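Residue numbers count from 1 along this sequence. None of the values given here were measured: they were computed from a predicted structure.
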Amino acid sequence: MPRITLGNSAYAAIELVRPHEYIGVCIFCTSVGYVLGSNSSLSILLLLLISNIGCLAFAFAFNDLQDIEDDRKSLRGCTRNPLTAGRLSLRSAILICVFCLLASMTASAALGWKAFLANLIGISLAFLYSWRFVRLKAIPVLDVVSHGFFIGTLQFWVALFAVDGQIGDPWAIVLGGAFFMISCLSDLNNEIRDYDADREAGLQNLLSLFDLRKYEALVHYLSACLALGILCMLAFKVSPLAAVSLVALVGAFLGYYLLGNHKDHRRIAFERWSQYCSLAMGIVLVWDKVA
């Protein structure tokens, strides 16, 4: 086991919370909710980012904490998970989870009881998704549905509540539904990617019942169609310059995705570059709102 030092512990802490897997989508969903409301306070935006990023950082860190035994059985898991690879101590991982949890709950509490309640639901689903005594991710159908809510959808709702938006508004219902479907498809993509590792660990998820690996490209295309639908709706809520910028960003991403014929290229584009694109779109939305 490698010796754990302050330097590599800091890097391993980032590995544990895995921001590259959700930061773009989190900021985009948050910014959409922020744009739909009437309040454009930057202090509210800061609290929203702490609340929503903290929630997902906790979700991913807690997932690795609960997956230690499974990841030891998988070649990918035992090298990727900093706990099984010996790059981070168990005590440090627990402290990181507690810090992310407290930061998220404190920030959402400052945004009002509705935002706090929505965030609490997201945190609870994230906890139950990975907790070994329940483990929603090991229950077919519930694995996809729970992921659909706690990554993306609830961050959108937290933002909407914080800026006095109405969750029953037709715009909010359609956008929330689109975020939910994209998140469900993202979970399916993850299960397709981790199919062999999940079988080695004996994990029973949706793909243990239905082998959907041959539909990986379809998952990507459906996600892209939903994202384009979201942009079409947002075009009526933002300035013409912002609308053109959003379309250009999505066009650049789709071009990069379609340039590669190899499955690995498209998988990396879908998982990594979609986060960069989402982050850029979130920045455009916020800039347009506050400018």
- Item | Where Leu47 and Ala110 come nearest, the two heavy atoms and their spacing | CD1-CB, 3.9 Å
- Message: Restricting to non-hydrogen atoms, name the atom on Asn81 and the atom on Asp64 that form the minimum distance, rounded to 0.1 Å.
- Response: ND2-O, 3.1 Å
- To the nearest 0.5 Å, atom CD of Gln66 lies from atom CZ of Phe127 at 7.0 Å
- Item | Heavy-atom pair with the smallest gap, counting every atom of Ala162 and Leu48 | CB-CD2, 3.7 Å
- Quick one: does Ser124's side chain have a donor or acceptor within less than 3.5 Å of a partner on Leu120's backbone? yes
- Message: Grouping I, L, V, M, F, W and Y whenever their side-chain heavy atoms are under 4.5 Å apart, do Ile53 and Leu46 come out in a common cluster?
- Response: no
- Message: Any non-hydrogen side-chain atom of Tyr129 less than 4.5 Å from a side-chain atom of Leu125?
- Response: no
- Query: More than 12 foreign heavy atoms under 6.0 Å from CH2 of Trp171: is that the case here?
  - Reply: yes
- Quick check: does any side chain N or O of Tyr34 sit under 3.5 Å from a backbone N or O of Lys289, one acting as donor and the other as acceptor? no
- Query: Looking at Tyr195, is Arg213 sitting on its ring face, NZ or CZ under 6.0 Å from the six-membered ring centre and within 45 degrees of the normal?
  - Reply: yes
- Determine whether Trp131 and Ile121 fall in the same hydrophobic cluster, where Ile, Leu, Val, Met, Phe, Trp and Tyr are linked whenever their side-chain heavy atoms lie under 4.5 Å apart. yes
- May I ask you to test the Leu226-Ile230 pair for a side-chain heavy-atom distance under 4.5 Å? no
- Task: Apply the test side chain to side chain contact (heavy atoms under 4.5 Å, CB included) to residues Val250 and Leu254: give CA-CA distance (whole Å), side-chain angles for both, the deciding distance (0.1 Å), then the verdict.
- Result: CA-CA 6 Å; Val250 172; Leu254 290 175; 3.9 Å; yes
- Message: Within the supplied structure, the quantity of interest is the number of heavy atoms (other residues, nucleotides, ligands) at a distance under 6.0 Å from Arg272 CZ; does it exceed 12?
- Response: no
- Stepwise side chain to side chain contact (heavy atoms under 4.5 Å, CB included) check, Ile94 with Leu90: CA-CA 6 Å; Ile94 293 172; Leu90 186 62; 4.3 Å; yes
- Task: Could you go through the salt bridge (charged side-chain N to carboxylate O under 4.0 Å, His left out) check for Glu271 and Arg193 one step at a time?
- Result: CA-CA 10 Å; Glu271 295 179 358; Arg193 178 198 64 198; 3.5 Å; yes
- What side-chain hydrogen bond (donor to acceptor under 3.5 Å, both in side chains) pairs are there with at least one residue in residues 219-234, not counting sequence neighbours? Asn189-His220, His220-Tyr257, Tyr221-Arg266
- Task: Measure the CG-CD1 distance between Leu45 and Ile27 for me, rounded to the nearest 0.5 Å.
- Result: 9.0 Å
- Query: side chain to side chain contact (heavy atoms under 4.5 Å, CB included) between Phe156 and Thr30: does it pass, once the steps are laid out?
  - Reply: CA-CA 5 Å; Phe156 168 66; Thr30 301; over 6 Å; no
- So, does Arg91 use its side chain to make a donor-acceptor pair with the main chain of Leu95 at under 3.5 Å? no
- Message: Please tell me whether Leu207 and Tyr215 are part of a single hydrophobic cluster in this structure, the criterion being side-chain heavy atoms less than 4.5 Å apart.
- Response: yes
- Query: Say you draw a straight line from SG of Cys29 to CG of Leu56; how long is it, rounded to the nearest 0.5 Å?
  - Reply: 9.0 Å
- Query: For Ala242, does its backbone N or O pair with a side-chain atom of Asp288 as donor and acceptor, under 3.5 Å?
  - Reply: no
- Query: Just by distance, do the side chain of Ser31 and the backbone of Val286 share a donor-acceptor pair under 3.5 Å?
  - Reply: no
- Query: Would you say Val219 and Phe210 are hydrophobically clustered, going by side-chain heavy atoms of ILVMFWY under 4.5 Å?
  - Reply: yes
- Query: Between Ser278 and Phe28, which heavy-atom pair has the shortest distance, and what is it?
  - Reply: O-CB, 3.6 Å
- How long is the gap from CZ on Phe62 to CG on Leu128, to the nearest 0.5 Å? 8.5 Å
- Straight-line distance of Leu175 CG to Phe180 CZ, nearest 0.5 Å: 15.0 Å
- Is Ser92 reaching over with its side chain to a backbone N or O of Leu88, donor-acceptor style, under 3.5 angstrom? no
- Task: Report the distance from atom CZ of Phe60 to atom CG of Leu16, rounding to the nearest 0.5 Å.
- Result: 11.0 Å
- Under 3.5 Å donor-acceptor, Gln155 side chain and Asn52 backbone: no
- Task: Check step by step if ring pair (Phe, Tyr, Trp, His ring centres under 6.0 Å) holds for Trp273 and Phe253.
- Result: CA-CA 7 Å; Trp273 288 94; Phe253 166 72; 8.7 Å; no
Just distance, no hydrogens or angles: give the donor-acceptor pairs under 3.5 Å from side chains in residues 134-152, sequence neighbours left out.
| residue | atom | partner | partner atom | Å |
| --- | --- | --- | --- | --- |
| Arg135 | NH1 | Asp70 | OD2 | 2.9 |
| Arg135 | NH2 | Asp67 | OD1 | 2.8 |
| Arg135 | NH2 | Asp70 | OD2 | 2.4 |
| Lys137 | NZ | Asn63 | OD1 | 2.9 |
| Lys137 | NZ | Asp67 | OD1 | 3.0 |
| Lys137 | NZ | Asp67 | OD2 | 2.5 |
| Asp143 | OD1 | Val141 | N | 2.9 |
| Asp143 | OD2 | Leu206 | N | 2.8 |
| Ser146 | OG | Leu142 | O | 2.7 |
| Ser146 | OG | Asp143 | O | 3.2 |
| His147 | ND1 | Ser183 | O | 3.0 |
| His147 | ND1 | Ser183 | OG | 3.1 |

- Task: Establish whether Ile173 and Leu154 are linked, either directly or via other cluster members, by ILVMFWY side-chain heavy-atom contacts under 4.5 Å.
- Result: no
- Hey, are the side chains of Phe58 and Val98 touching, using non-hydrogen atoms and a 4.5 Å cut-off? no
Donor-acceptor contacts, no H, no angles, side chain residues 99-109, under 3.5 Å, sequence neighbours left out:
| residue | atom | partner | partner atom | Å |
| --- | --- | --- | --- | --- |
| Ser104 | OG | Ser51 | O | 2.6 |
| Ser104 | OG | Cys55 | N | 3.4 |
| Ser104 | OG | Asn119 | OD1 | 3.4 |
| Ser104 | OG | Asn119 | ND2 | 3.0 |
| Thr106 | OG1 | Leu102 | O | 2.7 |
| Ser108 | OG | Ser104 | O | 3.2 |
| Ser108 | OG | Met105 | O | 3.1 |
| Ser108 | OG | Asn119 | ND2 | 3.1 |

- Answer yes or no: is there a donor N or O on one side and an acceptor on the other, between the side chain of Arg87 and the main chain of Ala12, under 3.5 Å? no
- Item | Gln275 (side chain) donor-acceptor with Val25 (main chain) under 3.5 angstrom | yes
- Would you check, one step at a time, whether the test side chain to side chain contact (heavy atoms under 4.5 Å, CB included) holds for Met281 with Leu234? CA-CA 11 Å; Met281 289 192 296; Leu234 291 176; over 6 Å; no
